[in-house]
Amino acid sequence: MKNTVEVIANILGNPSVIKTSSEAKQLHAQIVKRQGNAILFAKSAAIILSVYANFNLLRDCLSLFNAFRYPAPGKAWKSIIRCCASNGNFEESVAFFKKMRAAGKLPDRNVFPSLLKTCAAHLGDLRFGEAVHCCVIRVGLDSDLFTGNALMNMYVKLEPLNARDVFDCCSEPKWPFRFYNCLNRTVSSGSYMQDYKDKFEVVDEKLHSSDENASDEQMIVDDYVSLKNNVRRSNVDCSDGEIVVVGSVLGKRKNSVEKVFETMPVRDVVSWNTVIGGHVQNGMYEEALLTLKDMGLGNLRPDSYTLSTILPVFAKYVDVRKGKEIHGYAVRHGHDKDVFIGSSLIDMYANCMQLEYSYKVFGLSPQKDRVSWNSMIAVCVQNGCFDDGLRYFREMLKAGVEPVAFSFSSIMPACAHLAMLCLGKELHGYIIRRGFDDNIFVASSLMDMYAKCGNIETAKWIFDKMEFHDTVSWTAMIMAYALNGHARDAISFFEKMEMEGVKPNSGSFLAVLTACSHGGLVDEAQMFFDRMTLGYAIPPGIEHYAAVSDLLGRAGRLDEAYEFICKMHIKPTDAIWLTLLSACRVHKNVELAEKVAKEVLAIDPESVNAYVLLSNVYVDVGRWKEATKLRTTMRKKGVKKNEACSWIEVV
DNA sequence: CTAGGGTTAG
């Protein structure tokens, strides 16, 4: 008897000897059998509680905790808060923290990390997180390493949500926002950049002459001011009509992450990784790289977390050389088997148009998890390798990895592009059985698939069933109408979307412009184009220009189309000119056709289409000599027509 | 005795 008590006391003195939850329960049972002394019970119960918390046994923790007489001892509080947090019971965790404060117990260094994790995962409540930060300072734990790391993580997760309000970011960048996005990258030169340079100079003058009547340009002034304030290292170079922004422009005022970081007396790899990750998440890539450099200047070596955090930066920069350097570093330091790094590498190589390397990395990774499979599927589909995407999807199923919502929204565009309605429907069935059909990503991709397969009713049915519509799901519906020739429906849906307060983005405008293009609605298209560029300040992409110029051309407004293309702020592609060229053929405008063909050949001297189309124009107006001459030139140059092919699905 | 990471839709 006495022996047992001694054993129990020994174990309680060194609880780390308990290796399994069943041992913990045995110990608990022995204590319950012998309880009599309330104080002794309280002491041992707190220890058992922390052991239960280590094994993540929430129910046992709760029943044990509730048996305490109020107020429970300090050790019990931190165990229960930790256990609730790691079980995902965030509200309860916070509630216990509040009760603990009310009971006058001082939280210590073990409480805050789990509590802050709760704040971060609980999403959204930055104010509460800040309150906890205040509490940290008040109890004098702001110099604690783990607490500091947890604080930074909390700010990384919660502060961007706030920053978004500040900038009122619609999902698309506004024109001046292009500057924010062209970090370390040359922006294509063109009239638009020159325009902006001029405007900025005008505004600059206005600002310095403190002319108060600049209201008509207020928006530009505002953006200009914020831009100027945001550029920290004076690295906007407008010298030759090209604007190159080197370095982060979003790194305006210091954010809380940086503030916490700077006040930390001791930092470890986790601290650095958290700051780097925060920068990456906020799109502050240059800051992230600088921080990485600073980290190397100290005695800290990047670990596998660091590498998988920094790789997306090179994916965004499309800098495969730097990405490979990281890959090499990972191999040299034995991190190349890490699944997280593997997934980042797959994505990075694919973004840098080196899909072959993505395949290799994936093939060589010893353990493949859900994310690496899904990354592989996504990059295949995004790069147009639909068959490979489908193959990987099937292989994933064969490997026994359960598809998630992510998998379906990644694979569905493959069905859409290949117009494989049968497979799409099969997957739709799977999606419904798994209950993924209320996922907004999955639903949007399904709508797109049905629309591309001509099944507009089902697309509408899915749209109506969704409880919440975002820009993408609205856009998918507009595109569904557009692709199937319902131009007016597409337009009215666009207007409905605006009325519901959902901001259209560049994709939505592409959809509505496509609708106009298919419906021959020239004036409407121009109106929408202006609304996009002037009203919403969304910079048009090549597809928007293509839709409008194609429409103008087909309506016979050839000179307007030509003017329109010449005024583009990005370099026209040969494809854009070719659509105009074929419009010239339809409307038998030889002079313009010659001019346009010259433009195409300047971009692609071997362009078969330019030769063929121009010679067809000559044929159509009966200028046989010129047509023959052109065909001869073609043959001399060795330009050959490509063979065309198409396919259908046989059911 | 507590903290950090990767992939989606038009």
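Quantities reported herein were computed from a predicted structural model and do not represent experimental measurements. A, B, ... follow the sequence lines: proteins, then strands. Residue 1 opens every chain.
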Counting only side-chain heavy atoms from C-beta out, which of B/dT7, B/dT2, B/dG10 sits nearest to A/S375?
B/dT7

Interatomic distance where CE belongs to A/M152 and C1' belongs to B/dG4 [whole Å]:
9 Å

Presence of donor-acceptor pair under 3.5 Å, side chain of A/S343 and base of B/dG6
yes

Integer-rounded Å distance: B/dA3 P and A/L300 CG
20 Å

Counting just side-chain N and O atoms, does A/R109 come under 4.0 Å of either OP1 or OP2 of B/dT2?
no

Between B/dA9 (C1') and A/L483 (CG): distance, integer Å
15 Å

Decide ring-ring contact (aromatic ring centres under 6.0 Å, His included) for A/F97 and A/W77; before the verdict, give the C-alpha distance in whole Å, the side-chain angles of both, and the deciding distance to 0.1 Å.
CA-CA 8 Å; A/F97 176 74; A/W77 288 102; 9.7 Å; no

Carboxylate-amine/guanidinium contact A/K452 A/D448, below 4.0 Å:
yes

So, do A/F406 and B/dT7 meet the stacking rule of ring centres under 5.5 Å and planes under 30°?
yes

Please give, in whole Å, the distance from B/dT7 P to A/Y349 OH?
17 Å

Please check the phosphate of B/dG5 (OP1 and OP2 only) for any side-chain N or O of A/K157 closer than 4.0 Å.
yes

What do you reckon, do A/F340 and the base of B/dG5 stack, with centroid distance below 5.5 Å and planes below 30°?
yes

Looking for any heavy atom pair under 4.0 Å, which part of the strands does A/V339 touch: base, sugar-phosphate only, or nothing?
base

List the residues meeting ring-ring contact (aromatic ring centres under 6.0 Å, His included) with A/F436, not counting sequence neighbours, and say none if there are none.
A/F408

Remember a base hit wins even if backbone is also touched, and classify A/D470 as base, sugar-phosphate or nothing at under 4.0 Å, heavy atoms.
base

Tell me what A/N110 touches on the nucleic acid: a base, only sugar-phosphate, or nothing, going by heavy atoms under 4.0 Å.
base

Could you tell me how far apart A/D336 (CG) and B/dG5 (C1') are, to the nearest whole angstrom?
17 Å

Against the side chain of A/S308, the closest entry in B/dT8, B/dG4, B/dG5 is B/dG5

Tell me which nucleotide among B/dA3, B/dG10, B/dT7 gets nearest to the side chain of A/V371.
B/dT7

Would you mind checking if A/E23 and A/K19 are paired as a salt bridge, meaning a charged N to carboxylate O distance below 4.0 Å?
no

Please check the phosphate of B/dG4 (OP1 and OP2 only) for any side-chain N or O of A/N153 closer than 4.0 Å.
yes

Can you name the residues that form a ring-ring contact (aromatic ring centres under 6.0 Å, His included) with A/F529, not counting sequence neighbours?
A/Y545, A/F564

Record whether the side chain of A/S409 comes under 3.5 Å of the base of B/dT8 through a donor-acceptor pair of N or O atoms.
yes

Just the rounded figure in Å: distance from P of B/dG10 to NZ of A/K452.
6 Å

Of all the nucleotides listed (B/dT8, B/dG4, B/dG10), which has the minimum atom distance to the side chain of A/S410?
B/dT8

Using whole Å, report how far CE of A/M449 lies from P of B/dA9.
16 Å

Look at the side chain of A/P413 and decide which nucleotide, out of B/dT7, B/dG4, B/dA9, has an atom nearest to it.
B/dA9

If you check every side-chain atom of A/D369, which of B/dG4, B/dG6, B/dA3 has the closest atom?
B/dG6

NA contact type, A/T147, heavy-atom cut-off 4.0 Å: base, sugar-phosphate, or nothing?
nothing

Does A/Q382 put a side-chain nitrogen or oxygen below 4.0 Å from OP1 or OP2 of B/dT7?
no

With a 6.0 Å cut-off on ring centres, are A/F528 and A/F494 close enough?
yes

Nearest whole angstrom, please: distance from the P of B/dG10 to the CZ of A/F441.
11 Å

What nucleotide among B/dG4, B/dG10, B/dA3 has an atom nearest to a side-chain atom of A/M479?
B/dG10

Do other residues, nucleotides or ligands put more than 12 heavy atoms under 6.0 Å from the CZ atom of A/F65?
yes

Just N and O in the side chain of A/K75: are any of them under 4.0 Å from OP1 or OP2 of B/dT2?
no

Quick check for you: among B/dA3, B/dC1, B/dG6, whose closest atom lies nearest to any side-chain atom of A/R82?
B/dC1

Nearest of B/dT2, B/dG4, B/dG10 to any side-chain atom of A/T475?
B/dG10

May I ask you to say what A/D268 touches in the nucleic acid, namely base, sugar-phosphate or nothing, with a heavy-atom cut-off under 4.0 Å?
base

Could you tell me whether the side chain of A/D338 has a donor or acceptor atom within less than 3.5 Å of a complementary atom in the base of B/dG6?
no

